[in-house]
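Each residue takes its place number in the sequence, starting with 1.
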Amino acid sequence: MAGRINDDDVKAVRDAVPIDAVVSEYLQLRNAGGGNLKGLCPFHDEKSPSFQVSPSKGLFHCFGCQEGGDTIAFVQKIDHLTFAEVVERLAAKAGITLRYEEGGYNPSHQRGERIRLVEAHKAAAQFYVDQLNGPEAEIGRAFLAERGFDQAAAAHFGVGYSPAGWDHLTRFLRGKGFSDKELITSGLSQDGRRGPIDRFRGRLMWPIRDTAGDVVGFGARKLRDDDNGPKYLNTPETPIYKKSQVLYGIDLAKKDIAKSSRAVVVEGYTDVMACHLAGVTTAIATCGTAFGGDHIKILRRLLMDNGSARVIFTFDGDAAGQKAALRAFEDDQKFAAETYIAIAPDNMDPCDLRLVKGDDAVRDLVEPRTPLFEFALRQIVGRYDLETPAGRAAALDEAAPVVAKIKTGSVQREVAVQLAGFIGILDQEYVVHRINQLAQWARGRGGDRRGPAPAARGGARHQPVQAPPAPSGPALNLRSPAHRTERELLKLALQRPELVAPAFDAYGADEFTAPPYAAVRQCIEEAGGAEQGLADSREYLVRVLDATPSESVRKLITELAVEVFHGKTIDEAYAGEHLVKVRLRAVDRRINDVQSSLARLGSNVAPDHLAAAQNEVWVLQQYAQTLRNHGAAAL
């Protein structure tokens, strides 16, 4: 048996492969200060980056799940490899020849399973590429040419061809030293009556790579009419290939996805090729399965969940495409990114669009147009006759549970109001209330969102529902500009009170839409207001913390007191901007509340009440205009 790897060689591998270069193959890293880098932890779900990398020390640590270690430990954990397998993989990348004690060099048949399967796929990929140039592959080259892909395009994406014989690849890989068991396990071969035969025969081949760039599977396209198999045949589930955990093109797109904070999800291999060749280098596709939760995790680590990130889905406009869009919408809330849908004219996919209208049309297609939630809801309500009360009621019955799945209350309310408009229900508050009931009912029943029977029209619809439990942490909506502004204003009040006092102390807790932020505002008030921080900032923070009603609010205050600001220059102008934004949104909300109340009452409103409400609206509108014109000076 082979012995363990020489200690000096292990050290050489650690020194030769920078930890930040390895980690960057799996997630986006940003400057965390002090020479460290940060990103979204790949080992647990999180919305803000707590995963830190120290290039100078060669270490990583997650403050959320407490995972940590060096480069080797990181790859062991993320790719489920043994210590020796990781050292061998990293050594191959660094060009280091390893020595094995108690037995010399390690024979290839004794190396780790994953390393062997990846090497088999690498050899297979090159075999298929070489076959594409042969006479038998003319049909494959013609297929590519008809879709606008020349030889250079095929080479860029590693497209190849599998010969039509029974065991061409199997015999080739046997000659490279791979065993029949390894070929079956890899999915490259399958059992035949007389031994292993090629799984893919007479097809155009696309290599599927993981985030690190290793070939882990293939997608094979039928070319001949006498091929009785499916149009596309993918590698089966193997120790290195899980179709729900891979994205075609991610190895080529990951850097541009991280750089631009944008990802384009298309439906097929040729669509990815067309997009990249047209300049949309953030395009990726699933491999024979619907876009799901594991795919989202891959993209979230690259997008870093910043509020400006965008994910654009391109689906055909036919029934299947609409169904795919609705499935994607079900997972929409797992993103912090904004999600959109793009449908090409005449329902063409990006590959056909590029052929017919050129690269510019492809680039124009993926510019965000329609929010995914809007498309999904319009597809639902469009199936009903909205001219009749029964049709509107049925549309609401189907659409309301979908909106109730939205976890963030403020977003849920906004979408509920839009849904009322789509259906044509004038009583927006009824729709909001109905969806809120469904959401609360689902929380109480462990997430089953079938919901109770629709509330009867009339007084019964206003029956109170049990209030949700107090928030255990910040109910952050990473897409909400209001929440981001409120958070920044609270940071100013805690860290730089001299910039916001005394104006801040006139703000009520109800001007903060996130309940935890309202709780922080209340604690500042109970501590004497931000003006107390002008004399002794340390004592001021102590008093604020002493006023906290719960540990969760205390943690949030501590977090806000040390968190860096988003602005480059933190001065009176910056503070004034956030003071105005928070107040303006509060004024606009009050105007909408009064107007909605009048609309619901209709002709039943008393004249004196109507006059008072109209006067309040007028005063608030004047105040809002003054704030817009004069900024903080109008506070």
ask   = Between E511 and R590, is there a side-chain N and carboxylate O pair less than 4.0 Å apart?
value = no
request  = Run the salt-bridge test on D20 and K38 with the 4.0 Å N-O cut-off and return the result as yes or no.
outcome  = no
ask   = Would you say the side chain of C41 lies within less than 4.5 Å of the side chain of P49, judging by non-hydrogen atoms?
value = no
inquiry  = Just verifying a value: how many Å separate R300 CZ and L303 CG, rounded to the nearest 0.5 Å?
reply    = 9.5 Å
message = Once salt bridge (Lys or Arg N to Asp or Glu O under 4.0 Å) is applied, what residue pairs with a partner in residues 414-425 remain, sequence neighbours excluded?
response = none
ask   = Is there a side-chain contact between P42 and C62 (heavy atoms, below 4.5 Å)?
value = no
task = Answer yes or no: is there a side-chain heavy-atom contact under 4.5 Å between P549 and E526?
result = no
inquiry  = I'd like to know if the side chain of N36 reaches the main chain of A32, judged simply by a donor and an acceptor atom lying under 3.5 Å from each other, with no hydrogens or angles considered.
reply    = no
request  = Mark yes or no for whether D385, through its side chain, and E387, through its backbone, hold a donor-acceptor pair below 3.5 Å.
outcome  = yes
Worked verdict on R628 versus D588 for salt bridge (Lys or Arg N to Asp or Glu O under 4.0 Å) = CA-CA 12 Å; R628 292 186 177 93; D588 288 341; 3.2 Å; yes
ask   = Going from CG on D271 to CE on M348, what distance comes out if it is rounded to the nearest 0.5 angstrom?
value = 12.0 Å
message = Could you check whether E488 pairs with R484 (Lys NZ or Arg NE/NH1/NH2 to Asp/Glu carboxylate O, under 4.0 Å)?
response = no
inquiry  = Less than 6.0 angstrom separating the ring centers of F313 and F291, yes or no?
reply    = yes
key: Rounded distance [0.5 Å steps], CZ in R383 versus CZ in R378   = 14.5 Å
key: Gap separating the CD1 atom of I524 from the CG atom of L560, nearest 0.5 angstrom   = 8.5 Å
message = Between T314 and Y340, does the side chain to side chain contact (heavy atoms under 4.5 Å, CB included) criterion hold? Intermediate values first, please.
response = CA-CA 9 Å; T314 66; Y340 297 85; over 6 Å; no
inquiry  = For T281, give me all partners under side-chain contact (heavy atoms from CB on, under 4.5 Å), at least two apart in sequence or on another chain.
reply    = D256, H276
query = Going by an N to O cut-off under 4.0 Å, is there a salt bridge joining R434 and D397?
reply = yes
message = Treating H578 as the side-chain partner and A575 as the backbone partner, does any N or O pair qualify as donor plus acceptor under 3.5 Å?
response = no
key: side-chain hydrogen bond (donor to acceptor under 3.5 Å, both in side chains) partners of R354, counting only residues at least two apart   = D359
Residues which pass side-chain contact (heavy atoms from CB on, under 4.5 Å) with A394, listed by chain and number, not counting sequence neighbours = Y384
key: Spatial distance of atom CD (E267) from atom CG (D349) [nearest 0.5 Å]   = 8.0 Å
task = Kindly indicate, with the supporting measurements, whether the criterion side-chain hydrogen bond (donor to acceptor under 3.5 Å, both in side chains) is fulfilled by R585 and T485.
result = CA-CA 10 Å; R585 289 194 176 105; T485 306; 3.2 Å; yes
query = With a 4.0 Å cut-off, would you call R496 and E572 a salt bridge?
reply = no
inquiry  = Rounded at 0.5 Å granularity, tell me how far CG in L247 sits from CD1 in I257.
reply    = 8.0 Å
message = Checking A258 now: which residues fulfil side-chain contact (heavy atoms from CB on, under 4.5 Å) with it, not counting sequence neighbours?
response = Q28
query = Hey, does the side chain of Y574 reach the backbone of L499 with a donor-acceptor pair shorter than 3.5 angstrom?
reply = no
ask   = Can you name the one residue among Q522, R487, E486 that meets side chain to side chain donor-acceptor pair (under 3.5 Å) with Y517?
value = R487
ask   = Between the side chain of N436 and the main-chain N/O of V432, is any donor-acceptor distance below 3.5 Å?
value = no
task = List for me each residue that meets ring pair (Phe, Tyr, Trp, His ring centres under 6.0 Å) alongside F51, sequence neighbours excluded, and say none if there are none.
result = F60
